[in-house]
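One-based numbering, in listed order, for ligands and for the atoms of each.
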Amino acid sequence: MVNFPPEKWYNVVPDLPAPLPPPMDPPDAESSSIELLNQIMPREVLRHQFTVERWISIPDEIRDAYAQVGRPTPLLRAKRFEEAIGTKARIYFKYEGATPTGSHKINAAIPQAYFALKEGVTGLSTETGAGQWGAAVALASSIFGISSTVFMVRTSYEQKPLRRLLMEMYGAKVYPSPSEKTEPGRAALGRDKNARGSLGLAMSEAIEYALKNGLKYAVGSVLDVVLMYQSVIGLEAKAQLEAHGEVPDVLIGCVGGGSNFGGFVYPFIGSGIGKRYIAVGPTEIPKFSSGSYRYDYPDSAGILPLVKMLTLGREYAPPPIYAGGLRYHGVAPSLSLLVREGVVEAMEVSEEEAVRAGLLFARSQGIVPAAESAHAVAAVIRAARESAPGTVIAFNMSGHGLLELDVYRRSSA
Ligand SMILES: *Cc1c(COP(=O)(O)O)cnc(C)c1O
């Protein structure tokens, strides 16, 4: 049994089936972007990004903050959903929507705010798509008494005013991206004054803003340190399933950059539990089926070091699907490697299939899945149809959709 919240994070890197290719400076760069990471990330976060230790102690102040935001989150059985889809599989889900900001993102925001504070930094800057990451950074910053500045992808800024309000309630400054506040923002507006923005561009703005204002940059996904901070999800879920006397056969999570998937699934992979691990992306952003495995920039402006990952290319402009958290061109390096090595299966489901699945889940269980999480729900339905009776399926409900009910409007009739 682990104590709640867990006392250590789990790092999958030493347990990967092949060595993880390290981040790299671009060959023709004038200055080192790895050096840049030193400037923009809290030192301890950077150390965690490059560590090959399997277990990392969680400081007590962070465990207290995890407790404050409701950790451990519930692990629930979805019995009426099982009945609704007519399966003899047993389906469990970890409910990250039970945190104050409504998604798993707070798990990675808390350590970054804490480690920034510990080195005397006055605030964090970051980007956000749908607003979940920005809200998490705003709350984590307010818990530790530092400031937060959030660049929010313009599409979402306009579609999701409630998320913006939530961030402002926690004390964040929120700008639509592209903005006039930074060089990459002004360049994008120069090319197209109605530019809708992307996560990558907003990331570039947040990084430049941190550099110019003496802040630290908080990274929401993709980098392996974020997946490690998210491991509290899977570590708790493992203990909770044990308490139910269950051993999961199939583990499922949706993938934007890979943080909730890695956080939920890696602790099971690390302890050899599970027969199938399914990573679910959107059909509309086909990085699993059409991406190539190569060194690419994690951000669209090409500021951060190159990482080896499955990617559609940093120039790729994701279509405006509702699941803002899934609008990203790449997949975390460790997860890309696990997919390449055949340990993790990739699946792609359309927004339409995800919304239908999410609606069925809401009607049977009462919990409204976030548009992102609804992709995992759709994969659960597919997996349940393929599974023998008695199969145990566990998935991560990465967030609730109560601030984005619009996605369900057209199909709720
Ligand atoms: C951000 C987000 C995602 C996607 O990001 P990952 O880093 O892949 O987890 C999924 N679900 C929710 C609710 C999100 O907020």
Side-chain angles (χ1 to χ4, degrees), residues 73 93-109 112 126-139 150 152-153 156 160 163 166-167 199-200 202-203 218-234 252-266 278-282 285 287-288 298 309-310 318 321-336 338-339 344 346-349 351 354 358 361 367-379 395-404 407:
T73 53
F93 64 103
K94 182 70 167 158
Y95 185 43
E96 290 298 298
T99 64
T101 53
S103 86
H104 67 289
K105 297 259 178 18
I106 191 70
N107 305 327
Q112 294 183 68
T126 199
E127 78 286 345
T128 196
Q132 287 105 328
W133 174 239
V137 170
L139 174 56
V150 181
M152 186 173 191
V153 178
S156 301
K160 298 173 177 177
R163 284 269 174 218
L166 182 62
M167 290 185 260
L199 267 184
M203 187 191 268
V219 53
S221 189
V222 190
L223 294 192
D224 288 299
V225 63
V226 179
L227 279 61
M228 182 183 91
Y229 291 153
Q230 291 292 352
S231 66
V232 290
I233 306 172
I252 296 176
C254 65
V255 177
S259 79
N260 88 87
F261 180 89
F264 176 62
V265 175
Y266 287 0
I278 306 175
V280 192
I285 301 166
K287 52 195 170 193
F288 287 119
M309 63 176 177
L310 280 168
I321 58 170
Y322 268 94
L326 305 186
R327 297 183 71 230
Y328 182 69
H329 63 274
V331 177
S334 59
L335 179 53
S336 295
L338 286 164
V339 169
V344 171
M347 189 182 276
E348 287 171 352
V349 303
E351 178 161 85
F361 195 89
I367 287 172
V368 179
E372 293 86 356
S373 319
H375 288 72
V377 179
F395 75 100
N396 193 39
M397 177 69 79
S398 52
H400 70 65
L402 290 176
L403 292 181
E404 290 100 11
V407 66

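Here the side chain of K94 pairs no donor or acceptor atom with the backbone of N396 at under 3.5 angstrom.
Residue, atom and distance of the protein heavy atom nearest to atom 7 (O) of ligand 1 are S221 OG, 2.5 Å. Among all protein heavy atoms, the one lying closest to atom 8 (O) of ligand 1 is G256 N, 2.6 Å. Here the protein heavy atom with the shortest distance to atom 14 (C) of ligand 1 is K105 NZ, 2.8 Å. Looking from atom 11 (N) of ligand 1 to the surrounding protein, the closest heavy atom is S398 OG, 2.7 Å. Atom 4 (C) of ligand 1 has as its closest protein heavy atom G325 O, 3.4 Å.
Residue-to-ligand polar distances keep L326 apart from ligand 1: every N/O pair is separated by 3.5 Å or more. In terms of N/O distances under 3.5 Å, ligand 1 is approached by G258.
In this structure the side chain of T73 never reaches within 4.5 angstrom of the side chain of Y95, judged on heavy atoms. Residues Y229 and N107 are not in side-chain contact: their nearest non-hydrogen atoms beyond the backbone lie 4.5 Å or more apart.
In this structure, OG1 on T101 lies 8.0 Å from NE2 on H400, to the nearest 0.5 angstrom. For the atom pair S156 OG and R327 CZ, the distance stands at 6.5 Å (nearest 0.5 Å). Taking CG from D224 and CE from M309, the interatomic distance works out to 11.0 Å, rounded to the nearest 0.5 Å. The CE atom of M152 lies 8.0 Å from the CZ atom of R163; values are rounded to the nearest 0.5 Å.
Every atom of ligand 1 with a heavy atom of G399 under 4.0 Å away is listed here by number and element: 13 (C). Distances below 4.0 Å separate heavy atoms of V255 from the following atoms of ligand 1: 8 (O). Under a 4.0 Å criterion applied to the non-hydrogen atoms of Q132, ligand 1 contributes the atoms 13 (C), 15 (O).
Heavy atoms of H104 found under 4.0 angstrom from ligand 1 belong exclusively to the side chain. With a heavy-atom cut-off of 4.0 Å, E96 does not touch ligand 1 at all.
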**OP:** Assess whether side-chain contact (heavy atoms from CB on, under 4.5 Å) is satisfied between E96 and N260, documenting all intermediate values.
**Re:** CA-CA 9 Å; E96 290 298 298; N260 88 87; over 6 Å; no
